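Below is one structure; the comments refer to it alone.
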2 protein chains.
Amino acid sequence: MSDKAQSLGISVFHEIKRDILMATLPPRQKLGLKMLSDRYNCGTSPIREALNQLTVEGWVQRIDKRGFFVADASAVDFGDILQNRCLLEGEALRRSIAQGDSRWEEHVVVAHFRMSALDRDADDKPGAVVSAWEVAHRNFHQALISACGSRILLENCARLYELNIRYRVLARGKSRVVRNVLHEHDEIKALTLKRDTEGAVDALVRHYMATGEFLFPKT
Amino acid sequence: MSDKAQSLGISVFHEIKRDILMATLPPRQKLGLKMLSDRYNCGTSPIREALNQLTVEGWVQRIDKRGFFVADASAVDFGDILQNRCLLEGEALRRSIAQGDSRWEEHVVVAHFRMSALDRDADDKPGAVVSAWEVAHRNFHQALISACGSRILLENCARLYELNIRYRVLARGKSRVVRNVLHEHDEIKALTLKRDTEGAVDALVRHYMATGEFLFPKT
DNA sequence: GCGAAGAAAATAATCGACAATCCTTCGGAT
DNA sequence: ATCCGAAGGATTGTCGATTATTTTCTTCGC
């Protein structure tokens with residue numbers, strides 16, 4: 001069994017992050033310590049521990065001596081996240097293509113295959129399959145850039161990836177544009193493995209910007 | 001008077017950061033809670049508060065149930081910081097040049113002037129002047145990119161800037177290469193105001209990479 | 001009826017103590 | 001001599017209570 005004995009502060013950190021990400025805790029929601037310690041069945045110390053970290057990562061806003069709040073969500077913030085993702089993941093992909101070896105290629109192929117397998121079953125999708133797809137999707141994008149050689153770059157990409165998910169969740173149901181995400185992923189994978197650097201980066205950027213159009217379509 | 005009544009956790013956060021930055025707390029140093037609460041005259045709660053945030057920002061490494069340590073310093077990590085600074089500040093400068101108005105130009109001119117004024121006095125430099133120069137130097141680089149329009153980008157640049165300082169401090173005295181930092185700053189400023197985008201970005205990148213050569217010269 | 005001042009309630013920040021976990025040391029067996 | 005394991009000590013993580021601050025509510029004066 002997995003070592004369940006991790007600190008309460010750390011596990012509650014992930015729980016709160018998930019709840020903000022899933023918008024169970026909506027933007028601007030006041031995060032009172034008592035309310036949270038009831039919700040997550042622990043004292044206030046682990047709660048503060050988690051909240052402090054979430055503040056630095058951008059999930060929570062803190063106002064000194066006045067409490068914690070779920071970070072506000074806005075079209076401007078979303079656009080900012082998208083632009084920074086394009087910049088960082090674009091560069092990370094360039095470096096991966098330049099430096100990646102055959103083990104990296106395999107990693108990309110496998111991650112893409114696993115995601116595609118879940119895509120096929122996605123028509124009749126129970127919640128379990130959806131969250132499995134989320135994991136596979138994350139793994140695919142992570143695999144693409146995994147050979148970039150920069151720890152800092154990878155960490156920033158991971159952080160922005162997660163921050164981005166919340167907007168997908170918040171905009172659920174508001175979608176009008178029809179997209180072929182499968183094809184976009186296929187294209188990115190193909191160009192990457194062909195080592196067509198600028199083609200792959202371009203496809204990746206279009207992929208992200210299309211997400212933006214998808215969630216906040218310009219009427 | 002400024003409201004000195006900020007939370008202990010927040011002020012101790014800045015104190016510890018400064019001490020790590022100045023290498024008063026050296027890399028890999030064990031950060032025991034008792035030791036720290038003695039050092040900064042407070043209970044363990046504010047200490048943990050600060051340590052949690054510093055962990056996310058990359059100053060401190062945490063090992064669950066085993067304590068906190070000052071983040072390790074290595075040539076690899078330093079190079080990673082430098083590369084990411086070039087990427088992020090380069091892009092931020094591009095956007096600033098594209099979008100900056102005349103108020104931004106003034107901001108850059110003033111920040112540069114103030115830094116230059118301190119440069120002149122730097123020959124006979126007591127500690128106070130040095131730290132004043134640090135502030136002015138930071139302000140200058142911040143001014144350059146201040147019109148980039150991306151909060152996230154600015155935050156990441158600020159974070160990397162600070163992480164970089166520690167390496168300057170750690171390498172103090174080991175310098176052999178002679179540099180003309182004044183000239184480099186002048187060049188960056190001039191090209192920026194001339195709106196020579198790629199020239200300015202190139203000068204900025206060379207400025208940073210020269211720092212790398214300066215601190216870790218390839219023998 | 002409206003706004004300011006003060007009291008009361010609520011909540012954030014901090015502390016000190018306890019419990020859980022890890023590290024060290026010491027002794028014994030192979 | 002070296003490795004393993006148990007007892008002891010030290011340290012982290014968590015809790016409940018205390019203190020400081022903010023927010024809300026009430027009252028008073030205009």
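Just so it is clear, the model here is predicted, and its values are computed rather than measured.
B/Arg18 pairs by the side-chain contact (heavy atoms from CB on, under 4.5 Å) definition with B/Glu15, B/Met22, not counting sequence neighbours. Every residue meeting the side-chain contact (heavy atoms from CB on, under 4.5 Å) condition with B/Asp72, not counting sequence neighbours, appears here in chain and number order: B/Pro27, B/Arg28.
The aromatic rings of A/His137 and A/Tyr161 sit tilted relative to each other, their planes meeting at an angle between 30° and 60°.
The six-membered or imidazole ring of B/Tyr208 lies near that of B/His141, with a centre-to-centre distance under 6.0 Å.
One atom, CD1 of B/Ile47, and another, P of D/dG13, lie 14 Å apart when rounded to the nearest Å. With rounding to whole Å, A/Ile10 atom CD1 is found 8 Å from D/dT14 atom P. For the pair B/Asn52 CG and D/dT12 C1', the computed distance is 12 Å after rounding to whole Å.
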Dump the pairs, protein N or O against N or O of nucleotides 8-13 of chain C, anything under 3.5 Å, distances to one decimal.
{"from": "C/dA12", "atom 1": "OP1", "to": "A/Lys30", "atom 2": "NZ", "distance (Å)": "3.0"}
{"from": "C/dA12", "atom 1": "OP2", "to": "A/Leu33", "atom 2": "N", "distance (Å)": "3.1"}
{"from": "C/dA13", "atom 1": "OP1", "to": "A/Arg62", "atom 2": "NH2", "distance (Å)": "3.3"}
{"from": "C/dA13", "atom 1": "OP1", "to": "A/Lys65", "atom 2": "N", "distance (Å)": "2.9"}
{"from": "C/dA13", "atom 1": "OP2", "to": "A/Arg48", "atom 2": "NH1", "distance (Å)": "2.6"}
{"from": "C/dA13", "atom 1": "OP2", "to": "A/Arg48", "atom 2": "NH2", "distance (Å)": "2.9"}

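A side-chain N or O of A/Arg62 and one of A/Asn52 form a donor-acceptor pair less than 3.5 Å apart.
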